[in-house]
Visitor: 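Sharing a structure, written as structure tokens. Questions coming.
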Amino acid sequence: MASIELKNIVKDFGDVKALENLNLSIDEGEFIVILGPSGAGKTTTLKLIAGIEELTSGQLLIDGCDAASMKPADRDITMVFETYALYPHMTVWENMATPLRGRGSQMDPAAIDARVQKIARILRMEEYMTRLPSQLSGGQKQRVAMGRAMVREPKIFLLDEPLNHVDAKIREELRKELHLLRHTIKSTVVYVTHDYIEALSLGQRIAIINKGRIEQIGTPWDVYFRPANLFVASHIGQPEVNRFVGRSRLDGSSVHIDFPDLGHEIVLPSGQFPNDNMDGQKIVAGLRPQHVRLSETQDERYQLPAEIVIRENLRTELDLVLRTGKVKLTALESPEKDLPEGQQMFLHLPEKHLMFFSKNTESRIDYQPGN
Ligand code: ATP
């Protein structure tokens, strides 16, 4: 295990700024996920840690020592890329054992076998140990590639979208196995993905990266329920968070937020916004689709009329797109509900689930709803 500290890291490739002043501290033994869209700088971050690329400026510390003074080979780091490269003429067992059998290895054959079998058990590959890579499915090959990286227990383990090229079912299975590994291997793990479900499921903390900068670092709970800004709020969650643009005004001890496109105003106690002056602010409100409440009848709470325009039956939920005023929003319902396209509904937007952002800075406004 080793701690990793990235301080004010800049990485340019000619005119391309891949990383711009990136700061990230990773604790010894932590499993951290770096999440971000394509081109955000995720792989570049891993390559800098591994020593495959050099920093343009900034400082990288591994266990408190400046990595500039360490050769890549001395960093005790293993990196698994999204595409697996196995030795085609070696069996699964031999592929997995190679890192332990290299030149200068002091390990005796029984210890090597025990270590390979232990990892194979976690990855559920025991019955395939004598097969060649050509006799394996894509998901099994990726398991072997991960297994080969894990047998050695490096100080730092870097995983670059290891589940990218496997189909959805195997992806889910491997994700569960990665959970088991989290508890088994002692390495510090930096796991890169663009899949927010993988990030929420695996990361002790998640660093969200965009255009070479970290947007937020936090626990899965933090980034989902208290996103630092609109980018994080929309990047995490599917379907994407609903957004409504409004303007706030203060009236005594109440904040009125008017959403003209929605034809709706909400009134909240000003004390629920302890750190912001809410008078005359342009606001974006966010509400996750699973928090939109629907009713077929109008009452005090269910006031906003809306029409179902798209109904999509997904695996475990019914994904509905509704139009209300000039706004389209998404809601999730239980799939057994009989809610056809064209049906009129009434919406309730629960205050306790609303998130507010400044329209100008896109940063989250501290909002502390009552119960
Ligand atoms: P993806 O999810 O698509 O793999 P990523 O977040 O891993 O993306 P990086 O591969 O780190 O992104 O790339 C960050 C930026 O740096 C991109 O704009 C990319 O085009 C650029 N880049 C990366 N490597 C090089 C290189 N060797 N030469 C020039 N530009 C590069």
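Counting starts at 1 for both ligands and their atoms, following the listed order. Being a predicted model, the structure only gives us computed values, none of them experimental.
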Visitor: Provide the number and element of each atom of ligand 1 under 4.0 Å from a heavy atom of E161.
Guide: 2 (O)

Visitor: Between H348 and Y302, is the ring centre distance below 6.0 Å?
Guide: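 When the ring centroids of H348 and Y302 are compared, they turn out to be within the sub-6.0 Å range.
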
Visitor: Would you say the ring centroid of Y196 lies under 6.0 angstrom from that of Y224?
Guide: no

Visitor: Closer than 4.0 Å to some heavy atom of P37 - which atoms of ligand 1 meet that?
Guide: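 Counting atoms of ligand 1 from 1, those under 4.0 Å from P37 are 6 (O).
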
Visitor: Evaluate K42 for polar contact with ligand 1, using N/O atom pairs at a separation under 3.5 Å.
Guide: yes

Visitor: So is G212 close enough to ligand 1, meaning a heavy atom under 4.0 angstrom away?
Guide: no

Visitor: Just to check, does K17 reach to within less than 4.0 Å of ligand 1 when the distance is taken from its heavy atoms?
Guide: no

Visitor: With a cut-off of 4.0 Å, which atoms of ligand 1 are near a heavy atom of T44?
Guide: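 Here the atoms of ligand 1 in question are 9 (P), 11 (O), 13 (O), 14 (C).
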
Visitor: Assess, by modelled atom type and distance only, whether the side chains of N8 and Q59 contain a donor and an acceptor separated by less than 3.5 Å.
Guide: no

Visitor: Counting only heavy atoms not in E54, do more than 12 fall under 6.0 Å of its CD?
Guide: no

Visitor: Flag the pair K17 and D12 as a salt bridge only when some basic side-chain nitrogen lies within less than 4.0 angstrom of an acidic carboxylate oxygen.
Guide: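 Looking at D12 together with K17, the answer is yes, because their closest N to O distance falls below 4.0 Å.
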
Visitor: Using only atom types and a distance under 3.5 Å, with no angle test, would you say the side chain of R293 pairs donor to acceptor with the backbone of Q290?
Guide: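 The answer is yes, because a donor-acceptor pair under 3.5 Å joins these two groups.
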
Visitor: Of the listed options (G39, G36, G41, A40), which comes nearest to atom 1 (P) of ligand 1 when hydrogens are ignored and any heavy atom counts?
Guide: G39

